[in-house]
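Worksheet: the structure to be examined is printed underneath.
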Amino acid sequence: MFQKVLVANRGEIAVRIIHTCRLLGIKTVAFYSVVDVVALHVQKADDAYLVGGARVAESYLNIDKIIEVAVSSGAEAIHPGYGLLSENTMFAEACKVAGIVFIGPAPNAIAIMGNKVAARKLVEASGVPVVPGISTPLLEVEAAVSAAKAIGYPLMLKSSAGGGGIGMQFASNEAALRKAFAGNQKRAMDFFGDGAMYLEKYVADSRHIEVQVLADAEGNTVFVGERECSIQRRHQKVIEEAPSCFLNETNRLKMGHTAVQIAKLVHYQNAGTVEFLVDEDQNFYFLEMNTRLQVEHPVTEAVTGLDLVAEQLKIAAGELLSFTQSDVKLCGHAIEARIYAEDPKTFFPSPGQITHLDLPEGEGIRHELGIHQQSKITPFYDPMIAKLVVWGEDRAQAIERLQKALDHYQVAGIKTNIALLQSIANHQAFQAGETTTDFIGKNIYPVN
């Protein structure tokens, strides 16, 4: 096992990785920008280094500086967390050149699955169903309009690179597509350095369900349950749960084995997630594969008893999986609510000084935090500041614990989305499991 690991991230995920490293006796190295001097991940790590300015390009995306810190600190491996450089092929390659282990898949797997068009082509050729659409990168609006005529409206315009809902928009007709194309392309170029777009048919009343996979260096690959991530706003997840209350056991196993099949197409190693769109008849279609740890990984940990970060570290250190598919058992139900520093009505970020923080406690409650009582939330980074995870013996108990925990979750000094989360948790449709991707637009903020 590694003696020292550099955590190439910030916020709650950096703190979460540091926690598992400490449990395994691994020393950790953090780095930070000029506005993160007193950030929680800096306080929790054994060593921390200043790497640059507030903007991510000057600090958390500065590959050369990060590698320099890793080498000078004696770190043997780098854990990228999620977001930032976690799916950056150049970063994975730079680690390899520097003789540092990248805790994740090989660069070629990141490259193939990171390009959504290339991944779609590969998976489609293997016989796995994909959402009807076009598997050709689109660089001009006229090409998109022409392709849309063959697919039919409504549809989704998506970025070929990256994820997280960035560069993604619904288009009900040609005018909407033309209006969306330039803006989406610019956002994709700004965030991912790639303005290529593609189109998929919009599937009404669908669910976003993903499967967690683990694979070691000898190709042993297992799926460890699924997560339903259908509650979204602006195509970004808000609440996730495991397992899905929608799938029957036959389709649950079928999706799991399909996810393993997809992972093996690129000789995948480490933790990864295969995302599917599932229609009202439980037909499922490949969306994409995220070659990293997911934000919502704690709900899988809660129902399997696994520590996915520990599994990542072990696999990266050359260990083989210590269990097989038949050993994986799901117990109870877990729900995660993402806490954002944002106005719940406009979804605009809400930077500022946290003046009071009081977290709910009790059986089945877990907190993933990137903040403390005196944290200052800046406008430079993702506004997610924490995650609330609850577990129950069944979904009803998990929802009850979520409701009570949200009622006692206090953050002052900034606006948060806690009121939105309460509205979702208290809604009859959510409690009934009617959690389609248009849930918020249909039930919370109805779109006329």
Side-chain contact test, heavy atoms from C-beta onward, threshold under 4.5 Å: evaluate it for [X] versus [Y] and give yes or no.
{"X": "Glu241", "Y": "Arg227", "answer": "no"}
{"X": "Phe170", "Y": "Pro154", "answer": "yes"}
{"X": "Glu226", "Y": "Gln212", "answer": "no"}

Flag the pair Tyr60 / Tyr32 as yes when their ring centroid distance falls below 6.0 Å, and as no otherwise.
-> no
Would you check, one step at a time, whether the test side-chain contact (heavy atoms from CB on, under 4.5 Å) holds for Ile444 with Phe439?
-> CA-CA 7 Å; Ile444 308 299; Phe439 178 91; 4.1 Å; yes
Whether [X] side chain and [Y] backbone form a donor-acceptor pair below 3.5 Å:
{"X": "Ser350", "Y": "Lys415", "result": "yes"}
{"X": "Asn417", "Y": "Leu420", "result": "no"}
{"X": "Gln397", "Y": "Glu393", "result": "yes"}
{"X": "Arg292", "Y": "Ile110", "result": "no"}
{"X": "Lys158", "Y": "Met197", "result": "no"}

Measure from NZ or CZ of [X] to the centre of the six-membered ring of [Y], then state whether that distance is under 6.0 Å and the direction lies within 45° of the axis.
{"X": "Arg207", "Y": "Phe246", "result": "yes"}
{"X": "Arg233", "Y": "Phe347", "result": "yes"}
{"X": "Arg187", "Y": "Phe181", "result": "no"}

[atom1]-[atom2] distance between [X] and [Y], expressed to the nearest 0.5 angstrom:
{"X": "Arg366", "Y": "Leu369", "atom1": "CZ", "atom2": "CG", "answer": "11.0 Å"}
{"X": "Leu421", "Y": "Tyr409", "atom1": "CG", "atom2": "OH", "answer": "10.0 Å"}
{"X": "His19", "Y": "Glu12", "atom1": "NE2", "atom2": "CD", "answer": "13.0 Å"}

Under 3.5 Å side-chain donor-acceptor pair for Gln312 and Asn270 = yes
Donor on one side chain, acceptor on other, Thr291 and Glu87, under 3.5 Å | yes
With sequence neighbours left out, the residues meeting salt bridge (Lys or Arg N to Asp or Glu O under 4.0 Å) with Lys237 are Glu210, Glu275, Glu296
Can you spot which of Leu357, Leu40, Ile339 makes a side-chain contact (heavy atoms from CB on, under 4.5 Å) with Ile371?
-> Leu357
Enclosure of Lys4 NZ (heavy-atom neighbours >12, cutoff 6.0 Å) = yes
When you look at NZ of Lys404, are more than 12 heavy atoms from neighbouring residues, nucleotides or ligands closer to it than 6.0 Å?
-> no
Test side chain to side chain contact (heavy atoms under 4.5 Å, CB included) applied to Met90 - qualifying residues, sequence neighbours left out | Ile63, Asn88
Can you name the nearest heavy-atom pair linking [X] to [Y], along with the distance?
{"X": "Ala45", "Y": "Ala30", "value": "CB-CB, 3.5 Å"}
{"X": "Ala75", "Y": "Leu6", "value": "CB-N, 3.8 Å"}
{"X": "Leu50", "Y": "Ser33", "value": "CD1-C, 3.7 Å"}

